[in-house]
Amino acid sequence: MPKLPLISIDSAVDGFSRVKLSSPTKLPDARGFLWNRAMVMQVNCRGYVNSQFMQPEPAKYSYAPNMEAKSFIQPEHSYFSHHPGRFFYLKDEDSGEMISLPYEPMRVQLDSFSFELGSSDITWSIKHSGLQITIKVNLTKDDLVECWFFSVTNLTGTVRNISIFPYFSIGYMSWMNQSATYNEKLNAIVADSVTPYQKVTDYFKNKQLKDKTFFLSDTAPTAWHANQKLFEGEGGLHQPTALQADLLGNVEARYETPVAVMQFQQRLLSCEQKNYQFLFGPAKDEAEIAIIKEKHLGYQQRNKARESYQDYLNQGKACLTVNSDDVGFDDFVNHWLPRQMFYHGDVNRLSTDPQTRNYIQDNMGMAFINSEVTRQAFILALSQQTLNGAMPEGVLLHQDAELKYINQVPHADHGVWLPICLSVYLNETADVSLLSEMITFADSTQEQSFACHIRLALDYLINATDHRGLSFIEQGDWCDPMNMVGYQGKGVSTWLSLATAYALTTWCDLCDEYDINISRQKYDEYRFAAQAINNAVNEHLWHGQWFARGITDNGRVFGTNEEAEGKIFLNPQSWAMLSGAASEHQQSDMIAAIGTQLITPQGVMMLAPSYTAMVEDIGRITQKHPGVSENGSVYNHAAIFYVYALYQAGQNNLAFELLNKMLPSLENAEVTGQLPIYVPNYYRGAYHQFPKQAGRSSHLFNTGTISWIYRCLVEELCGLKGCAKGLQIAPKLPTTMKRLSGQRLFRGAMVNFDIEQVDEIFTMEVLLDKQVIVSNVLTDLQSGKNYQLQVRVPLHG
Ligand code: CEZ
């Protein structure tokens with residue numbers, strides 16, 4: 001059997017990509033994810049699954065074997081032997097050989113293994129002992145159900161007698177009530193529970209909850225088992241006692257941890273194939289399960305569901321496709337990056353109260369996919385602003401939603417993001433009518449224009465500064481766990497001060513570019529305030545070769561070379577370049593310092609050295625493990641801010657080098673441990689302190705990085721950026737990329753572009769449909785039309 005490459009990228013029938021992994025042990029944490037507007041599942045190559053659905057708050061239907069705390073999706077989610085999963089034991093009734101598929105829990109070396117990730121499905125193709133097995137899972141467009149397909153083909157010339165045992169974990173459902181049994185009418189194992197509660201009010205609140213988990217089959221089982229402990233017996237999951245008998249015992253669970261196991265005895269003639277369908281998910285009652293069964297069980301229903309699910313995901317098609325000489329780069333940029341961006345913008349990370357900064361940035365990305373969604377999101381966010389201009393910690397997306405977890409901690413930065421992210425919406429649409437939309441407030445039915453809401457947010461930020469003109473940090477800014485710098489009301493943030501200056505400058509630039517109605521007095525005030533903040537940051541926070549991170553309640557400047565740990569933070573440097581606070585000389589100092597202290601093979605760290613002990617006037621960030629998350633990981637959201645700032649400073653080569661480092665690829669997979677299908681929120685950092693773990697992926701696909709990567713690709717690398725007059729042409733290819741072609745959808749017009757860097761010219765040459773364009777703005781592109789754009793740029797900038 002020819003040795004398959006560990007990872008390969010094929011193009012799929014649906015024109016999307018297919019990433020394949022040929023070993024369950026080389027990248028044991030490799031996983032893919034599927035979602036719809038009501039549920040998400042993260043599927044590991046070995047069969048483990050982490051899944052949740054919304055009702056409307058996140059809930060489980062396949063639990064861990066013990067009571068687990070409710071929390072947001074964590075980075076570096078780890079697997080363990082009884083971790084929830086979807087497995088298939090297969091017993092050869094003639095030889096007695098038993099394996100489990102796709103690999104866990106028995107971990108038998110298989111003849112061939114392939115874990116395949118597509119846009120709308122996850123598949124395993126396995127060969128073993130003369131049997132070909134295909135396992136496929138997909139979700140549906142709207143329903144709360146996992147659709148599984150299992151097929152086994154006898155590749156040998158002899159008859160095979162086998163038993164197949166789907167083993168779907170249900171886990172510890174409730175300390176009040178949990179049970180499971182086989183429901184013949186539904187041909188399903190149905191587990192029942194009661195969401196635990198103690199307050200009377202919760203009884204009425206919980207009445208609508210989907211406390212059942214069902215495992216439905218299209219084939220009547222020979223036998224079944226619903227009792228986790230008795231199924232395992234003394235053999236454990238590696239050799240479950242219940243599988244030692246010829247038939248499962250049809251065993252219920254009665255206030256015992258449930259499981260869903262069915263047995264299908266199958267006689268397979270030579271070359272015969274047998275297919276099975278299984279549906280797994282939560283439900284309120286049997287009636288709901290019957291509806292799901294009716295709608296999704298059967299090959300027509302299955303194909304219909306798969307098509308409509310694919311159609312849903314196809315709505316995530318974005319405005320750029322590229323063709324460079326790097327197949328992996330193109331595959332990721334053209335397929336997986338827009339998919340991850342659509343996940344963020346369409347389902348808002350499956351939260352009912354996304355943090356305001358996340359909500360606004362994620363919807364900035366949607367402007368490259370479906371700008372109407374961005375428009376509605378920006379209006380909703382402003383409708384939850386208070387009259388004093390303060391933006392909420394989180395945006396409530398459901399009438400029963402409440403602000404939870406981190407949204408109960410006061411952060412000072414939520415007002416900066418709309419003016420900044422609005423520029424992408426206007427660049428993509430030139431839709432200045434948005435600025436006149438009349439919107440109420442969270443604490444008043446009074447209506448004010450969108451532009452007025454922006455003005456109130458900016459005024460609120462300007463007023464939230466101390467005697468030095470620096471921004472108070474409260475219990476955190478962009479950096480959530482930096483919670484003790486200013487909790488006494490005096491500490492200030494360099495990053496937020498610079499972000500405020502950048503927001504003021506961006507708003508004024510937008511007013512100029514799109515002729516937005518703003519009073520001269522207000523305009524001048526904002527330009528003056530931005531400059532005043534930049535000056536204050538330079539006066540109080542420039543230290544040596546870079547900007548410090550802030551000043552604590554007790555007046556201690558931190559994030560300087562004088563400290564043993566947390567000497568340099570990336571964000572103040574990036575945003576000093578964006579806000580204009582950093583002179584050219586300061587920029588080269590900062591870039592040099594970042595180069596020596598923060599850049600690693602996997603990208604740029606957000607601070608270094610990582611903290612190894614609590615610092616009480618900085619806070620929770622210093623308690624995180626060194627190199628993890630905000631404590632000095634390669635935190636991609638901070639890294640992409642630096643990339644964007646480098647592009648504004650014309651540092652195109654370094655910008656592309658760092659952008660490329662953050663993209664997962666075949667080449668870095670064995671370091672990151674992930675497949676090239678999403679950008680994680682971080683790669684382990686603390687490169688000089690804990691090099692062994694450095695570069696490891698967090699596997700968390702929730703990250704504000706995505707919208708900014710896409711912005712960098714469209715507006716900077718390709719330099720096909722919208723403006724009031726049309727499409728501005730200013731590509732910023734790295735000198736290593738001689739040519740880049742592709743397609744750019746812009747306000748309904750399709751621009752087929754070909755950008756080439758050539759030696760012998762000194763100024764950019766632009767041809768549209770073979771016509772020379774003197775200015776670098778295509779002003780008359782018509783929606784629905786196709787255009788050929790050729791751009792030749794001088795190789796040496
Ligand atoms: O959450 C992110 C936030 O979603 O942290 C970023 C912040 O800008 C994003 O809006 C940087 O702090 O609470 C914690 O300690 C977590 O580390 C969160 O801060 C963090 C996690 O990524 C959430 O999974």
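Each ligand, and each atom within it, is numbered from 1 in the order the structure gives. Side chains are part of it too, since the values below use all heavy atoms of this structure and drop only hydrogens, waters and symmetry mates.
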So is C479 close enough to ligand 1, meaning a heavy atom under 4.0 angstrom away? yes
Got a donor-acceptor contact below 3.5 angstrom from the E393 side chain to the H411 backbone? yes
Smallest separation among heavy atoms of A564 and P609, with atom names: O-CG, 3.4 Å
Options Y682, Y635, W417, ranked by nearest heavy atom to atom 6 (C) of ligand 1, top entry: Y635
Taking the side chain as C-beta and beyond, is there a heavy-atom pair between P75 and Y682 under 4.5 Å? yes
Partners passing side chain to side chain donor-acceptor pair (under 3.5 Å) against E715 (at least two apart in sequence or in another chain): N427, R711
Ring pair (Phe, Tyr, Trp, His ring centres under 6.0 Å) with W708: of F368, Y642, F641, only one passes, and it is F641
Checking contacts here: is it the side chain or the backbone of K624 that comes within 4.0 Å of ligand 1, counting heavy atoms only? Could be both or neither. side chain
For the residue pair H637 and W417, categorise the inter-ring angle as parallel (less than 30°), tilted (30 to 60°) or perpendicular (more than 60°). parallel
Provide the number and element of each atom of ligand 1 under 4.0 Å from a heavy atom of S629. 17 (O)
What residue and atom, counting heavy atoms only, is the protein's closest point to atom 23 (C) of ligand 1, and at what distance? F72 CE1, 3.8 Å
What is the nearest protein non-hydrogen atom to atom 1 (O) of ligand 1, stated with its residue, atom name and distance? D480 OD2, 3.6 Å
Show which side-chain atoms of residues 547-555 pair as donor or acceptor with protein atoms under 3.5 Å away, not counting sequence neighbours.
unit_1, atom_1, unit_2, atom_2, d
R549, NH1, D477, OD2, 3.2
R549, NH1, S493, OG, 3.2
R549, NH2, D477, OD1, 3.0
R549, NH2, D477, OD2, 3.0
T552, OG1, N554, N, 3.3
T552, OG1, G555, N, 3.4
T552, OG1, R556, N, 2.9
D553, OD1, G489, N, 3.4
D553, OD1, K490, N, 2.8
D553, OD1, G491, N, 2.7
D553, OD2, Y487, N, 3.2
D553, OD2, Q488, N, 3.0

Honestly, for N358 the part within reach of ligand 1 (heavy atoms, under 4.0 Å) is side chain
The side-chain contact (heavy atoms from CB on, under 4.5 Å) partner of F701 among V40, I677, N681, V679 is V40
For ligand 1, which atoms have a heavy atom of N681 less than 4.0 angstrom away? 22 (O)
Heavy-atom proximity to atom 4 (O) of ligand 1 ranks first, among R349, Q355, Q74, E630, for Q355
Of V628, N702, L700, the one whose closest heavy atom lies nearest atom 24 (O) of ligand 1 is L700
Which residue holds the protein heavy atom closest to atom 7 (C) of ligand 1, what is that atom called, and what is the gap in Å? W478 O, 3.3 Å
Under 3.5 Å between some N or O of ligand 1 and some N or O of R620? yes
